[in-house]
Every structure is written in structure tokens, then in C-alpha cells.
> 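To start, I am sharing the structure in question, which I have written as C-alpha cells.
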Number of protein chains: 2
Amino acid sequence: MNAAAQVPKAKLAIVPSRCAGCKMREVCLPGGLDGTDPALLDDLDYTRRKVKRGDALFRAGAEFDSIYAVRSGFLKSSVVLEDGRDQVTGFHMAGEIVGLDGIGGGNHTADVTALEDSEVCIIPYARLEQPHLQRQLQKVMSRELVRDQGVMMLLGTMRAEERVAAFLLNLSQRFLARGFSSSEFHLRMTREEIGSYLGLSLETVSRIFSRFQDEGLVTVNLKHIRILDVAGLKAALSQPNL
Amino acid sequence: MNAAAQVPKAKLAIVPSRCAGCKMREVCLPGGLDGTDPALLDDLDYTRRKVKRGDALFRAGAEFDSIYAVRSGFLKSSVVLEDGRDQVTGFHMAGEIVGLDGIGGGNHTADVTALEDSEVCIIPYARLEQPHLQRQLQKVMSRELVRDQGVMMLLGTMRAEERVAAFLLNLSQRFLARGFSSSEFHLRMTREEIGSYLGLSLETVSRIFSRFQDEGLVTVNLKHIRILDVAGLKAALSQPNL
DNA sequence: CGCATGATTGAGTCTTTTCAATCGATGTGG
DNA sequence: CCACATCGATTGAAAAGACTCAATCATGCG
């Protein structure tokens, strides 16, 4: 079982001023709730939950109660086909919302698993009543739909090099938005998980990392990435012909 | 320009009893709004709009005002990359909602184009105020997120044959849900559009149609499809190894 | 310290793409 | 009403990209 600790209620956990260790507002005001008047959240208490590396926040099929705002850590979403094949459908960092897949059918349709020790705010769906919050939630979901468009584009039209370049640039940008270095970061996921997300084999991901390194675009040392040439990576993004 | 006709307001267009020519409730109560107490919609007037084959309902970048419920016809969504590559991200038939991509950023991010003469209900987003409707909208969006998961799965883990089989079975099921034949239907899109959606070349799509026909799974005559062996198609869906 | 896991790299194979030619259907204009 | 032009579909042959299998190496966790 997921022995994820249920931390006692942390009043106003989502309000910026109460979030210790957060460098930016977005980290506290998750993703799309960004832009919300924090006052709107003031009267809600959000329980927090810790999820240990490797543990699931929830699994496909689990009853849907709440959505979750990632406070810290790093998680992945994945879906499993009947025959066992699975696919990573997203990576989630601080400030992002997960669990939206459960609203439609009353059950979650994906697994969400921590790639490192993480903490989330539990936001009971039933308590999201104020119209403004509803609108905000719709914005979050809409942005998620747009993000999915991007992933479909990636999976449907890009060659392997482009996918990896897009992946690195996307991560870089998201780290930047959270106040971390955009040029140097640690991958929290394995090559296999990257490959699953990008629709590539883990070997192909590894080879392309090596190729990018040979070309002087990045430095790769296992999970440690340093981006040396953003422009070069962006160029690799638009090279349908090698 | 899109000379799409703006039909005068059609009071209660979305209410089943007022929808002429609809065989099922879903066709009138679009997709996820299904399940809503129709009374909730009673005080809203929905303008309808006709979109001629080949015309756009809206384009990427257009200001977001409204979402649209497809009343009749068949449309596709597509997104375009800077370098010109484009990808079809979805096909939409009667009863489905399009335009949700615009909520997050205030502008649409995809083109939606009619593949045959179509008609939609214009649902001004600002008028969706009742809490129950908001919840319904969230359900629609959540289901759309789940659908996207399926497409990612398809693009990320399936081989060409499986993709085409999944595509045909999905269409078949959707036609069935709308009261049409699930075993015989007309494709409204070209091989190129199917290929774009499935991340395959149009030639590969054509070849696989031919192969399925040789195997007795389907009959293909240009845009006319007859499914002869559903079980066989489903089997093809789970054949990672040829 | 050692084992298990993750990453890298090579060789060969296979799927899918690309290029190209042909065929058929559709629809437009004379 | 027919001829022609255009668009879409099919099919073949060759090429390329990515995968699988496999061996090796490094790492980091227990």
C-alpha cells in the first residue's frame, strides 16, 4: 500500500507567503491556479500528502475525490494498455496540477508516481465551488489540452532528434519558470521513461544524448544535463531532414 | 474569408425535443453535456452557425469567445508547426464539443475545419455560469484529456497496423453511439488526414487498408468502409509482434 | 563492498518512409 | 454531355530511421 503520510491540515498551504522554500509564486500557486486572487483560496484548508520516490499518488481505476497540486518533487503520469505496454504521458513538477483525468468518469485513468520524494496539496474537487476557482480550473484543464496537442505533434510529426531536443528545451523552460537554472539540471527520470514519453526506445534516447554531446549542444553525465547551445537545440527542433 | 452563415438565434436548439433529425439525445446534448438536466440549458439561447466543407470554424490565434457543440457534419482539429508541418489532432462528429483549447490562453491554438458541411451551436463561454454547467464542462474537458491519453498511447506505443485498427474501431464505436451503423460508414477524411492523425504516411495508411482487406477484416472502397470482422480488428490491436 | 539497476554502444534487422508511376473518381467548363 | 484537369488512392522499389538483441560499463544503493 501507499504508506504516504497524511500530514495534518496545513492552513493556507497554497498561499505564497506561507510556502517555505518556494522561489516563485507559481510554485505555490500551482500552474493554472496562477493568476487566481490568493484571497479566493484563503478559506480553504488543504491537506498535504507526502509521496515517497517510487510510490503512487494514485493509480488508474482509483476513485476520484481530489486533484493535487504538486508542492515539491517530481512525478510522472503513465497509462497501461491491457497487454502490458505502458506509456508515460507526462512529467509533473512543483506548481503543476495532477488528477484532472478523474473528473470525467469518476475514476482516475492514469497512474501518477513519484520519481523523487514529493509533496502535494490535496484539493478536494467537491470543495472547488467558487465560480472563480471553477474558471481557473477550466483554464488549467484547457492548458493541459493544449499541452497534449504539443505532445501529439511531437509524437506524430517529429523525428527522434527533434523529440529529444523538444524534451530538453521544454524541461529547461519549466525549470526556468520556477526559478531554477535553465541551463543545468538533473533529470529525475530514467532513459526508459524518457523514451516511453517520447515514443522512442531507451537506446535511441541514449544515442541522441550522446550525439548532441558530440555536437557540442549539451553535456550529458547520466542524469545531469548542461545545455550549452540553446540555439543549436532549437535548430535541431526544426530539422525534418537530417 | 469564412462566409459561414450566422443563423438567427434558435431558442433551445440544444434541447433534444427541438433538435430535428437527431436520432439520439447525445447528438443534441453534446458529448459531455450529456447527463446534464436539460432544464439547466433552457434559459440559454444558442446561435447556430453553418460551416461549409473546407471552411474553418475558427483558426489558431483567433480570439476565444465560445465553445461549439457540433450539431451535424464532421470536422477536424489541426495544429501547425512554424516550419509548416501540421498534424490533425482530432476528428469531431455530432454531439462533440470543440473550442476548449481557447479557454486557457484566451485564444484558440488549433484550427477547426469542416470536412463536410456542418452545423454547430455557438455556446458563449461567458454565459456558462451555472455551477452545474461548469461541472459538466469540466467533465467534458476531463474526458478530452483522457481521450488525448489514448492518442498518445496510440502514437507512442503502437505500430502502424495497430494504429489503423484502433482508428477504425474508434470510429465504428462513435458511429454506433450516434445511432448509425457501426459496421459500415463513410470516411469523411482523406488518407492524408488519417495518416496525419495517426502519425503515419498516407501511403502506409493505404497499404494497411489494403492488407486488412486481403485478410478479410474489412472492405475498403475509397471512403466507404465495411467492417467484416470486429474481433479480428481487435486482435490486430494487440499484436506488438507481427 | 558487491550486486542490481541504469546507461552506453555496436551490429543487424525490420518497419515505415520516400520517391515515383499509375489508376480512378470527381467535377468543371466548353 | 463529354473531355479534360485535378485530386485522391493504390502500389512498387529503394532508402532511411529506429528498434531489438547483446555485451560492456558505471553507479549507487543496500
Side-chain angles (χ1 to χ4, degrees), chain A residues 52-55 76 84-85 87-88 113 115-117 154-168 186-215 218-225 236 239-242, chain B residues 52-54 76 85 87-88 113 115-117 154-168 186-215 218-225 236 239-242:
Chain A
K52 280 201 146 27
R53 172 184 164 159
D55 283 349
K76 68 169 178 181
R85 282 180 286 181
Q87 165 127 9
V88 173
T113 311
L115 295 178
E116 63 180 18
D117 290 356
L154 181 142
L155 292 172
T157 76
M158 293 187 184
R159 63 205 308 89
E161 273 199 12
E162 299 175 282
R163 296 184 196 188
V164 175
F167 172 74
L168 290 176
H186 272 84
L187 299 174
R188 269 75 172 186
M189 69 294 283
T190 66
R191 300 288 189 268
E192 182 168 23
E193 286 162 334
I194 298 171
S196 173
Y197 180 62
L198 298 178
L200 302 171
S201 69
L202 68 95
E203 294 95 333
T204 299
V205 174
S206 180
R207 273 185 253 270
I208 290 175
F209 276 168
S210 299
R211 201 181 307 166
F212 281 171
Q213 183 160 236
D214 293 345
E215 291 167 356
V218 299
T219 295
V220 181
N221 199 305
L222 294 180
K223 295 209 154 65
H224 185 260
I225 300 281
Q239 297 269 313
N241 310 318
L242 192 47
Chain B
K52 279 201 147 28
R53 173 185 162 157
K76 67 169 178 181
R85 281 179 287 179
Q87 164 125 9
V88 173
T113 311
L115 295 178
E116 63 181 18
D117 291 356
L154 182 143
L155 292 172
T157 75
M158 292 187 185
R159 65 209 302 84
E161 274 199 12
E162 300 175 281
R163 296 185 197 189
V164 175
F167 172 73
L168 289 176
H186 272 86
L187 298 175
R188 271 73 173 189
M189 70 294 284
T190 66
R191 300 287 189 268
E192 182 168 21
E193 287 162 333
I194 298 171
S196 173
Y197 180 62
L198 298 179
L200 302 171
S201 69
L202 69 94
E203 293 95 333
T204 299
V205 174
S206 180
R207 272 185 253 271
I208 290 176
F209 277 168
S210 299
R211 201 180 307 165
F212 281 171
Q213 183 161 235
D214 293 345
E215 293 167 355
V218 299
T219 296
V220 182
N221 199 306
L222 295 179
K223 294 209 154 62
H224 186 260
I225 299 281
Q239 296 269 310
N241 311 316
L242 193 46

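So you know, we letter chains A, B, ... as the sequences are listed, proteins then strands, and number each from 1. Please read all numbers here as calculations on a predicted model, not as lab measurements.
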> Can you tell me the distance, in whole Å, between the CZ atom of A:Arg85 and the P atom of D:dT20?
11 Å
> Tell me whether A:Thr157 contacts the main-chain N or O of B:Gln87 through its side chain, where contact means a donor paired with an acceptor under 3.5 Å.
no
> Across the strands shown, which category fits A:Gly195 at heavy-atom distances under 4.0 angstrom: base, sugar-phosphate, nothing?
nothing
> Measure the distance from CZ on A:Arg191 to P on D:dA26 and round it to the nearest whole Å.
15 Å
> Is any side-chain nitrogen or oxygen of A:Lys223 closer than 4.0 Å to OP1 or OP2 of C:dA7?
yes
> Among D:dG28, D:dT10, D:dA18, which nucleotide has an atom closest to any side-chain atom of B:Val220?
D:dT10
> To the nearest 0.5 Å, what is the distance between OG (A:Ser201) and CD1 (A:Ile194)?
12.0 Å
> Between B:Ile194 (CD1) and C:dT16 (P), how many Å, whole number?
16 Å
> Atom CG of B:Asn221 to atom P of D:dA9: distance rounded to whole Å?
12 Å
> Grab the CD-C1' distance between B:Gln213 and D:dT10 for me, whole Å please.
11 Å
> Without decimals, in angstroms, what is the distance between A:Glu203 CD and D:dT24 C1'?
14 Å
> Counting side-chain heavy atoms from CB outward, which of C:dT16, C:dG6, D:dT11 is closest to A:Thr190?
C:dG6
> For the pair B:Thr113 (side chain) and B:Gly54 (backbone), establish whether a donor and an acceptor sit closer than 3.5 Å, ignoring hydrogens and angles.
no
> Can you figure out which of C:dT18, D:dA18, D:dT10 approaches the side chain of A:Leu200 most closely?
D:dA18
> Please check if the side chain of B:Arg191 supplies one atom and the backbone of B:Val205 the other of a donor-acceptor pair under 3.5 Å.
no
> Out of A:Arg53, A:Arg188, A:Lys52, which one pairs with A:Glu116 under the salt bridge (charged side-chain N to carboxylate O under 4.0 Å, His left out) rule?
A:Arg188
> Just how far, in rounded Å, is P of C:dA7 from NE2 of A:His224?
15 Å
> Does B:Ser210 put a side-chain nitrogen or oxygen below 4.0 Å from OP1 or OP2 of D:dT11?
yes
> D:dC19 phosphate, OP1 or OP2: any side-chain N/O from A:Thr204 under 4.0 angstrom?
yes
> Quick check for you: among C:dG10, C:dA7, C:dT16, whose closest atom lies nearest to any side-chain atom of B:Ala160?
C:dT16
> What nucleotide, of D:dG28, D:dG8, C:dT18, holds the atom closest to the side chain of B:Ser201?
C:dT18
> Check the distance between C:dT16's P and B:Phe209's CZ and give it to me in whole angstrom.
15 Å
> Any donor-acceptor pair under 3.5 Å between the side chain of B:Arg207 and the base of D:dG12?
yes
